Visitor: 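Let me begin by handing over the structure; questions about it come next.
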Amino acid sequence: MQKTVQYNVEKVRQDFPILQRIINGKPFIYLDNAATAQKPRQVIETLDRFYKEYNANIHRGIYKVSEEATAAHEEARAKVARFINARSPNEIVFVRGTTEAINLVAHAWGRKNVGLGDNIMLTEMEHHSNIVPWQLLAKEKGASLKYVGITDQGILERYEFQQHLQSGAKLFAVAHSSNVLGTINPVRELIREAHKTGCCVLVDAAQSVPHMPVDVQDLDCDFLAFSGHKMCGPTGIGVLYAKGNLFDEMVPFHGGGEMISEVHPYESSWKPPPYKFEAGTTNIEGAIGLGAAIDYLSNIGLRKIRLHEREITAYAIDKLSRTKGITIYGPSDPQARGGVVSFNLGDVHPHDMATLLDEDGIAVRSGQHCAQPLHERLGIPATTRASFYLYNTEDEVDRLANSLERVRGIFKL
Ligand code: C6P
């Protein structure tokens, strides 16, 4: 297979100091990008500069350094808005990550809009973050959860989706891209169908926004959630996008400083969004670092990153599938999947697999990847997952394949 060159991957790798490490005597191969991505020096230096030059609380201080911090923080919000093509920075609320974003919607939108007997539609490939908040809400309100099933290849059962819509789902909460199967769901089409029945749609974009161009106006989603740490940004910062005036209609999630307009002993009023949802001192440097990550990824280009990952994934599926005894999960068409390859090799337990790969300097994730219902649907206890990003190379895939041969030897498969 001929690989087309999207950008200079070797040059990109130089930006990531951690990739120079030697682990267990071997060059470090980081294939756990779906869990968290590595950080380029441009992001590290932005955080360093913040602490050295303009660390201050924001929106509070009437002095230069605080004003600089506030300006940088709000510029980061504007960068996020441009990055996902939101109409306004006011549609962007900073949160800790995808998990908090979804919990925010479950509390602040769900409590008001979901009631006794209502249905919330999920899919069998959701991450726990897009299941548990809805279970909590459903229990509290007497609502029901409906799951859209998947085929054995990890594709959504469209007929079931339509059936649940017809039975009157209030909300459809769906992963844009699965963190286990890699499946990229046709969310644009699904959203159009859902809206025809008045169903609101939340897109869990934890595994898509870091890896491909995402345009919220084109998708027309109502909510979109993602995490900074999966896109070369800091940990503890994430984004909840809400369309138009949805935030206006929602009740606060957390109460505290800076989200209020006035506070009296027995009642308070709120600032307009996004501030209404950012109570207390937020992760200021996290937001600024996320802005730097967005600059970094945008300079390379999300379209190019997506193409690079698609090629690496296609290469990996082709290469790994030659390993005797391997089962690879998810769609066979690399066009229909993100840079995630989950597999099992014979009856080798994924935790043993991850330990042995680590001996070769290769970091993968093993277990259920916070997707237990999906593993139950697939009828397997666990998987090993290799997940790729903009800095991974075919050479690294080759080393993974060689290590799998070593594991086969050890287990006499
Ligand atoms: N998945 C993985 O290894 P947080 O933890 O809030 O940043 O993201 C949660 C989350 C939500 N949805 C999807 C599809 C995800 O993949 C994740 C995070 C990581 O697969 C950590 S469990």
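Both ligands and their constituent atoms are indexed starting at 1 by order of listing. Computed from a predicted structure; not experimentally measured. One is the number of the first residue; the rest follow in order along the sequence.
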Visitor: For atom 15 (C) of ligand 1, what's the nearest protein heavy atom and its distance?
Guide: His127 CD2, 3.3 Å

Visitor: Considering only heavy atoms of Ser227, which atoms of ligand 1 have at least one such atom less than 4.0 Å away?
Guide: 4 (P), 6 (O), 7 (O), 8 (O)

Visitor: Pull out every atom of ligand 1 sitting under 4.0 Å from any heavy atom of Gln207, numbered as shown with elements.
Guide: 1 (N), 14 (C), 15 (C), 16 (O), 20 (O)

Visitor: Using a heavy-atom cut-off of under 4.0 Å, does the side chain or the backbone of Glu100 touch ligand 1, or both, or neither?
Guide: neither

Visitor: Within the 4.0 Å heavy-atom shell around Arg365, which atoms of ligand 1 are there?
Guide: 2 (C), 3 (O), 19 (C), 20 (O), 21 (C), 22 (S)

Visitor: Under 3.5 Å between some N or O of ligand 1 and some N or O of Asp204?
Guide: yes

Visitor: Filter on ring pair (Phe, Tyr, Trp, His ring centres under 6.0 Å), then keep only pairs touching residues 331-384, sequence neighbours left out; what's left?
Guide: His349-His351, His369-His375

Visitor: Does at least one non-hydrogen atom of Arg96 fall below 4.0 angstrom from an atom of ligand 1?
Guide: no

Visitor: Atoms of ligand 1 less than 4.0 Å from Cys370 heavy atoms?
Guide: 22 (S)

Visitor: I'd like to know whether CZ of Arg303 has more than 12 heavy-atom contacts from other residues, nucleotides or ligands below 6.0 angstrom.
Guide: no

Visitor: How would you list, by chain and number, every residue that makes a salt bridge (charged side-chain N to carboxylate O under 4.0 Å, His left out) with Arg41, sequence neighbours excluded?
Guide: Asp15

Visitor: Could you check whether Arg188 pairs with Asp220 (Lys NZ or Arg NE/NH1/NH2 to Asp/Glu carboxylate O, under 4.0 Å)?
Guide: no

Visitor: Between Arg385 and ligand 1, is there a nitrogen or oxygen pair with a distance under 3.5 Å?
Guide: yes

Visitor: What about the rings of Phe16 and Tyr391, do their centers lie closer together than 6.0 Å?
Guide: yes

Visitor: So, Arg82 and Glu75, do they make that salt bridge, N to O below 4.0 Å?
Guide: yes

Visitor: Looking only at the aromatic ring of each residue, does the gap between the centers of His73 and Phe94 stay below 6.0 angstrom?
Guide: yes

Visitor: For Ala35, take its heavy atoms, then give the atoms of ligand 1 lying under 4.0 Å from any of them.
Guide: 2 (C), 3 (O), 19 (C)

